[in-house]
Amino acid sequence: MTGFILRRLGESLLAVWGVVTIVFFVTRVLGDPAALLLPIGASPADIAQLRSQLGLDQPLIVQYGQFLLHAVQGDFGMSFQHSRPAMQVVLERLPATALLAFTAIAFGLIIGGIAGSVAALKRGRAIELVVMAVALLGQATPVFWLGIMLILFFGVNMGWLPTGGYGSWQNLVLPAFTLAVFVSASIARLLRSSMLEILKEDYIRTAKAKGLLRSTVFFWHVARNALIPVVTMTAILTGELLGGSVVTETVFSWPGIGRLIIQAIEAKDFPVIQAGITLIATIFVLINFLVDLLYGILDPRIRARR
Amino acid sequence: MALLEIKNLTVQFDTPGGVVHAVNDLSYSVEAGETLGIVGESGSGKSVHILALLGLLPTPPGRIVSGEAWFDGQNLMAMSDRALREVRGGQIGMVFQDPMSSLNPVLTVGRQLKEVLVRHTDLRGRALKDRMVELLDIVGIPHPEARLSQYPHEFSGGMRQRVMIAIGMACNPRLLIADEATTALDVTVQAQILDLVRKLKEDFGTTVIWITHDMGVVAELADTIQVMYGGRIMERGPVRPVFHDPRSAYTWGLLNSLPDEGARTQRRLYQIPGSPPNMAKPPAGDPFAPRNPFATERCRAEVPPLREVGDVPGHKVAAWYDLPALLAAQKEETQ
Ligand SMILES: Nc1ncnc2c1ncn2[C@@H]1O[C@H](COP(=O)(O)OP(=O)(O)OP(=O)(O)O)[C@@H](O)[C@H]1O
Ligand code: SF4
Ligand SMILES: [Mg+2]
């Protein structure tokens with residue numbers, strides 16, 4: 001098990017390094033930051049001076065080495081737009097994104113968990129059809145459309161909730177709901193199909209043959225096994241949402257990482273782009289690492305194979 | 001007195017290929033303390049009728065068309081789910097075929113054993129733990145204490161089957177139903193398990209229904225043999241007369257196709273020419289008639305009722321004619 005953890009940690013570091021490397025070379029291809037930093041019409045001499053100041057006149061491989069050296073210390077240079085360390089700019093946005101992500105995931109899990117279970121247990125009844133139709137709709141509805149509709153209805157028409165912004169729980173309701181719709185729909189559908197598979201298993205029949213209470217059979221035998229794939233999906237969704245839900249954050253003017261990176265791309269603010277993507281990749285890899293550990297806890301067969 | 005009495009049980013499956021007539025108007029009873037061995041080829045309704053009477057049939061596609069199952073004065077088929085759950089695992093223990101998939105892979109064996117004890121007995125704490133260890137010990141699992149905290153994948157097939165048997169007998173059931181409980185095991189382990197069941201019967205007077213493909217096991221373990229085919233009883237009676245004087249062509253076929261001693265230790269199953277009936281389109285008359293060299297027009301047209309034959313009481317056959325007479329005639333012809 002310790003060997004497994006170390007190996008997975010090594011793999012995780014490798015993955016982050018890969019992403020950082022790609023980001024470095026892609027942003028270098030996109031344009032010359034020095035030319036962008038100076039006003040249009042700056043003299044070639046000015047540009048050359050700034051280039052040497054930024055180290056851009058060095059060979060690419062040296063630049064890359066420098067970049068890595070700084071990156072491991074969390075130093076991605078100064079944001080062109082904000083004139084502050086790029087990583088600091090990104091990290092300031094993390095709480096907003098995390099708040100939105102975890103709220104959406106929490107509600108998504110509760111709603112999706114109940115809906116999926118009901119659909120599986122009431123197989124063939126009308127309620128299953130209704131739940132699955134709603135879930136399919138929820139999964140297929142474009143997030144921006146749903147967001148705008150919610151804003152129009154609850155924000156503009158009814159005036160119950162703010163149309164955007166950040167700061168109070170009222171601001172959180174609509175964007176979190178928008179994301180929770182997608183999350184709960186995905187979880188409901190996966191959980192249902194997973195449970196229907198498990199319900200066919202011989203060991204469920206064994207559990208019933210023991211005369212166990214219905215709740216024992218459901219929680220200890222059906223749900224316990226059906227949850228394993230749901231854990232993976234939840235982790236992937238969490239990773240995605242923690243990377244900033246670009247559309248939702250933009251529609252609701254939510255000051256999160258997704259919106260920040262889009263703005264940075266528009267402004268060609270390379271340090272922020274690099275810092276942002278590195279952070280997202282790290283979070284994603286970290287979550288995957290945690291899921292693998294959790295998997296071992298949930299499924300002893302996997303633990304044994306390690 | 002009969003501990004279990006099944007009356008006119010009919011079970012069907014609604015499948016895309018049509019209605020499968022899995023169990024057809026099945027009636028039989030098991031006396032208290034008796035061991036009933038049920039044999040029959042694959043698909044003869046052995047498992048399905050047991051699942052139906054315990055409320056474990058997957059519905060849909062399964063459908064109980066009719067029937068009663070009286071256990072200890074109560075009709076299992078008319079019981080509420082709640083009442084049936086009290087009986088299952090407690091008074092009626094079940095051991096299923098296929099030990100590989102019958103245990104939950106993510107729970108320890110101890111937990112799966114404990115569940116049934118906690119559900120049906122008052123054992124708790126130390127006494128509960130002791131009983132769990134004792135049960136694994138009884139079914140011949142070495143180091144029972146340590147084994148309790150292991151998961152099913154850490155057990156071999158034979159050991160898992162023993163766990164299943166421990167679960168089935170955990171609460172000293174009055175009726176133990178084993179559905180091909182030893183089919184997956186090698187001969188030595190099988191012999192040990194049969195010993196175990198015999199001991200259980202001696203100590204607790206447990207009534208047993210033992211479903212198997214293996215005529216040898218029936219001869220060894222059962223008081224009564226019941227031969228099933230196409231969801232019906234073809235022949236039934238005390239083991240000796242049925243083995244020595246079979247009255248159904250199907251039983252006769254099974255006994256004659258019994259592999260010799262050498263082949264049996266290699267666990268070959270019997271083989272009768274032809275294939276089992278398609279129960280989505282069951283034959284009009286006797287289901288075995290199409291494969292039966294002795295079948296008459298009446299056999300093909302009309303299902304024979306189960307009737308008493310021979311000199312031993314309880315020996316019954318569903319056949320329109322006299323098999324011994326026909327066999328004798330056949331013998332004469334060939335001479
Ligand atoms: N879930 C199901 N759906 C459709 N048909 C089924 C289902 N389960 C069983 N059957 C059918 O019911 C009939 C009886 O099956 P059953 O499992 O009782 O046979 P069996 O005598 O136990 O055979 P085996 O020796 O292979 O265990 C078969 O024709 C089978 O195809
Ligand atoms: S009824 Fe006829 S066909 Fe069926 S088993 Fe008896 S003799 Fe054979
Ligand atoms: Mg069977």
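The analysis underlying the following values was restricted to heavy atoms, covering all of them including side chains, and did not include hydrogens, waters or symmetry mates.
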Q.
Ignoring hydrogens, what is the shortest heavy-atom contact between B:P105 and A:P300? Give both atom names and the distance.
A. O-CG, 3.3 Å
Q: Report yes if the side chains of A:W220 and B:L107 come closer than 4.5 Å at any heavy-atom pair, otherwise no.
A: yes
(Q) Please evaluate residues B:E115 and A:H221 with respect to the criterion side chain to side chain contact (heavy atoms under 4.5 Å, CB included), reporting the C-alpha separation (whole Å), side-chain torsions for both, the decisive distance (0.1 Å), and the verdict. (A) CA-CA 11 Å; B:E115 270 179 343; A:H221 294 273; 2.6 Å; yes
Q | Flag if over 12 foreign heavy atoms under 6.0 Å of CZ, A:F107 | A | no
Q) Roughly how far, to the nearest 0.5 Å, is the CG atom of B:N104 from the OG1 atom of A:T206? A) 9.0 Å
Q. Do you know which of B:V106, B:V95, B:V118, B:V116 has the most heavy-atom pairs with chain A at a distance under 4.5 angstrom?
A. B:V106
Q. On the ring face of B:Y151, is A:R301 found with NZ or CZ under 6.0 Å from the centre and within 45° of the axis?
A. no
Q) Considering residues, nucleotides and ligands other than A:F289, do more than 12 of their heavy atoms fall under 6.0 Å from its CZ? A) yes
Q. What residue, out of A:I204, A:L213, A:L199, A:L298, has the most heavy-atom pairs lying under 4.5 Å from chain B?
A. A:L213
**Q.** Audit row: B:D81, A:R214, side chain to side chain contact (heavy atoms under 4.5 Å, CB included) steps and yes/no
**A.** CA-CA 10 Å; B:D81 252 18; A:R214 219 180 272 174; 3.1 Å; yes
**Q.** Gap separating the CD atom of B:Q112 from the OH atom of A:Y203, nearest 0.5 angstrom
**A.** 9.5 Å
(Q) I'd like to verify something: which residue of B:E154, B:H153, B:H120, B:R82 has the highest number of heavy-atom pairs under 4.5 Å with chain A? (A) B:H153
**Q.** Shortest non-hydrogen separation from A:A209 to B:M94 and the atoms involved
**A.** CB-CB, 4.1 Å
Q: Starting at CZ of B:R85, measure out to CG of A:L212 and round the result to the nearest 0.5 Å.
A: 9.5 Å
**Q.** Interface moiety of B:L51 toward chain A, non-hydrogen atoms closer than 4.5 Å
**A.** side chain
**Q.** chain A contact via B:I167 - side chain, backbone, both or neither, heavy atoms under 4.5 Å
**A.** side chain
**Q.** Spacing of A:R205 atom CZ and B:L57 atom CG [to the nearest 0.5 Å]
**A.** 10.5 Å
Q: Give me the contact list for residues 114-147 of chain A versus chain B, heavy atoms only, anything under 4.5 Å, ordered by residue number.
A: none
Q.
With rounding to the nearest 0.5 angstrom, report the NZ to CG distance, A:K210 to B:L113.
A. 7.5 Å
